[in-house]
Amino acid sequence: GEDVEQSLFLSVREGDSSVINCTYTDSSSTYLYWYKQEPGAGLQLLTYIFSNMDMKQDQRLTVLLNKKDKHLSLRIADTQTGDSAIYFCAEVYNFNKFYFGSGTKLNVKP
Amino acid sequence: DVKVTQSSRYLVKRTGEKVFLECVQDMDHENMFWYRQDPGLGLRLIYFSYDVKMKEKGDIPEGYSVSREKKERFSLILESASTNQTSMYLCASTETGELFFGEGSRLTVL
């Protein structure tokens, strides 16, 4: 369960939707997370999903989990320039073993 | 709010110097972590600790050691810094699954 993969870059126009994808390898993960890192800062939790859920919606954010394909996605509706950041997906086992993807740098063009 | 504080935001050291990176959390968390972040590689776990005086190696422990003498403090030590240890170092803590991060310490080894 240590291979979490993400594409490195995504560029969208302000107002469009952004979809950031992530694949993971171990189906025994208990939680899957999305973290956001703004320039010069640490990571902040954006949202998470339990492994027994398929979808979670939180305002402009929608998380989709396809357990069969081990695929996680984060959709940001009406993307704003303030959403420009690096987004990391992560899986966790036993509440203390976290594995992170390489991060996707989202660039939002005005 | 949980606060994870890293003592130094920016450090510049010379090859061979001993380096201490300090991290303090204020929420009585059992688990603390040190990650290294490099572009395109995401976060890689160096060491973690699940209790005072307890530690476990992560994925890249070589060249590093840690100390957890008090529950709130987790220190990362580079016994003899090398140029390939130039990186961003992130400390984190958790109790129930959400990982809280510090702002990061950017270390440059000349």
Cluster link B:M32 to B:F20, ILVMFWY, side chain under 4.5 Å: no
Checking B:S75 side chain against B:V66 main chain: does a donor-acceptor pair fall under 3.5 Å?
-> no
So, the part of B:E56 with a heavy atom under 4.5 Å from chain A: the answer is side chain
Honestly, the part of A:L8 sitting under 4.5 Å from a heavy atom of chain B is side chain
request  = Answer yes or no: is there an ion pair linking B:D51 with B:R68, defined by an N-O contact shorter than 4.0 Å?
outcome  = no
Cut-off 4.5 Å, heavy atoms of chain A, and the answer for B:L41 is backbone
Exactly one candidate in B:L76, B:L107, B:I60 meets side-chain contact (heavy atoms from CB on, under 4.5 Å) with B:R36; the answer is B:I60
Under 4.5 Å to a heavy atom of chain B? For A:Q6 that would be neither
Are A:K109 and A:E14 close enough for a salt bridge, meaning some N to O gap below 4.0 Å?
no
Quick one: are the ring centres of B:Y47 and B:F74 less than 6.0 Å apart? no
So, the part of A:F88 with a heavy atom under 4.5 Å from chain B: the answer is side chain
Applying a strict 4.5 Å limit to non-hydrogen atoms, the region of B:Q6 in contact with chain A is neither
Whatever's closer than 4.5 Å to a heavy atom in chain A on B:R44 counts as neither
